[in-house]
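This report concerns only the one structure given below.
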There are 2 protein chains.
Amino acid sequence: MNISAASKAAGLPVKTVRYYADIGLVQAPSRSDAGYRTYDDASVRKLVFIRRSREFGFTIEECRELLGLYQDQDRTSAEVKRIASKRLEEIEEKQRELQSLHDELAHLVTSCRGDHRPDCPIIDYLG
Amino acid sequence: MNISAASKAAGLPVKTVRYYADIGLVQAPSRSDAGYRTYDDASVRKLVFIRRSREFGFTIEECRELLGLYQDQDRTSAEVKRIASKRLEEIEEKQRELQSLHDELAHLVTSCRGDHRPDCPIIDYLG
DNA sequence: CTAATCTCTCCAGTAACTGGAAGGTCAAGA
DNA sequence: TCTTGACCTTCCAGTTACTGGAGAGATTAG
């Protein structure tokens, strides 16, 4: 499987797959005579694993950590749960921040008349 | 007012204030004989304006746009409202994404036993 | 007078890619 | 067989919004 087939299968751009190889996250298992990266199902599964983890907001380093657990025969679900729980807490914190941001901005938007008069509560508030 | 006083007053790190000057967002109105940036209340107000806008998730370029309106005598609240509303929609979209992310991850975390057995639904799901 | 603190500029690095240039490879059609 | 176009390679640079640090000059307190 050449890189474009692998990237399609994994749902990632070619550039990103190459990038992941460069940083040693998921390397192509082999190269063709011409130097083309050749991927197999196992490496595509790893790429999918990374894509999903990234979608969950894990950083690349966290992905590396998770992938380590994933490939570790002796991996413990406790460790994975710990990392995922930590991430969940961060997501919840972000949700709270986003909510107060939303409420504040929504309040300003609704209190702004939106006509061509120069008085605008958004600007008054921000300034 | 030297840069550290201005940065305290604006609630921004010194480095960031200098950075904002470098990119031409908020320049120090003058310099001392020794070349020290000297800020006044007006520039501090602009820095506060930027800090708050950034807290609302506006990008630097959006801040530049907002600041232009802010400093424009003929600014229209309609324009400001348009920009703020657009941002609000983006925030709402992000909230929805974060919510589904949260729900999915929360489901996985609760379904993971968290003991030392190697079967872990989080990893099974991600992989 | 000296030591500490402040300020300056410039350079480099961060995260996680993305875009592009220059050049090699491969498969299909005329 | 040649050529066209799609694909692949590496390497370099740029993105966003800063942050850290080096090296050097300025200012202030004791």
Review point. More 5' along DNA chain C: A:Ile60 or A:Lys15, using each one's nearest nucleotide?
Key: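 Upstream on the strand: A:Ile60.
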Checklist line | 5' priority, DNA chain C, between A:Pro13 and B:Val14 [closest heavy atom] | finding: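 By nearest-heavy-atom nucleotide position, the 5'-most residue is B:Val14.
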To the nearest Å, give me how far apart [atom1] ([X]) and [atom2] ([N]) are.
X	N	atom1	atom2	result
A:Ile23	D:dT10	CD1	P	15 Å
B:Asn2	C:dC8	CG	P	7 Å
B:Arg64	D:dT16	CZ	C1'	12 Å
A:Tyr19	C:dC17	OH	P	6 Å

Exercise for review: Scan A:Ile3 against the nucleic acid and name what it touches under 4.0 Å (heavy atoms): base, sugar-phosphate only, or nothing.
Suggested key: sugar-phosphate
_Need one value for A:Arg18: base, sugar-phosphate or nothing, where a base atom within 4.0 Å counts as base even if backbone is also close, heavy atoms only._
base
Q | Nearest-neighbour nucleotide for the A:Tyr20 side chain, C:dG20, D:dT19, C:dC17 considered | A |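 Of all the options, the side chain of A:Tyr20 is nearest to C:dC17.
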Against the side chain of A:Ser4, the closest entry in D:dC18, D:dC11, D:dC8 is D:dC8
Any non-hydrogen side-chain atom of [X] less than 4.5 Å from a side-chain atom of [Y]?
X	Y	value
B:Ile50	B:Ser53	no
B:Val26	B:Val17	no
B:Arg31	B:Thr38	no
B:Lys46	B:Leu67	yes

Residues in contact with DNA chain C, drawn from residues 28-40 of chain A - heavy-atom cutoff 4.0 Å: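 Within residues 28-40 of chain A, the residues near DNA chain C are A:Ala34, A:Tyr36.
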Mind listing the closest non-hydrogen atom pair of B:Val14 and B:Ser4 along with its distance?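 Looking at all heavy atoms of both residues, the shortest contact is CG2-CA, 3.9 Å.
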Looking only at heavy atoms, the pair that brings A:Ile23 and A:Arg64 closest together is O-NH1, 3.1 Å
Q | Contact under 4.0 Å: A:Arg54 side-chain N or O vs C:dA15 OP1/OP2 | A | no
*asked:* Would you compute the distance between atom CZ of B:Arg51 and atom OH of B:Tyr20 and round it to the nearest 0.5 angstrom?
replied: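 Nearest 0.5 Å value for the CZ-OH distance: 10.0 Å.
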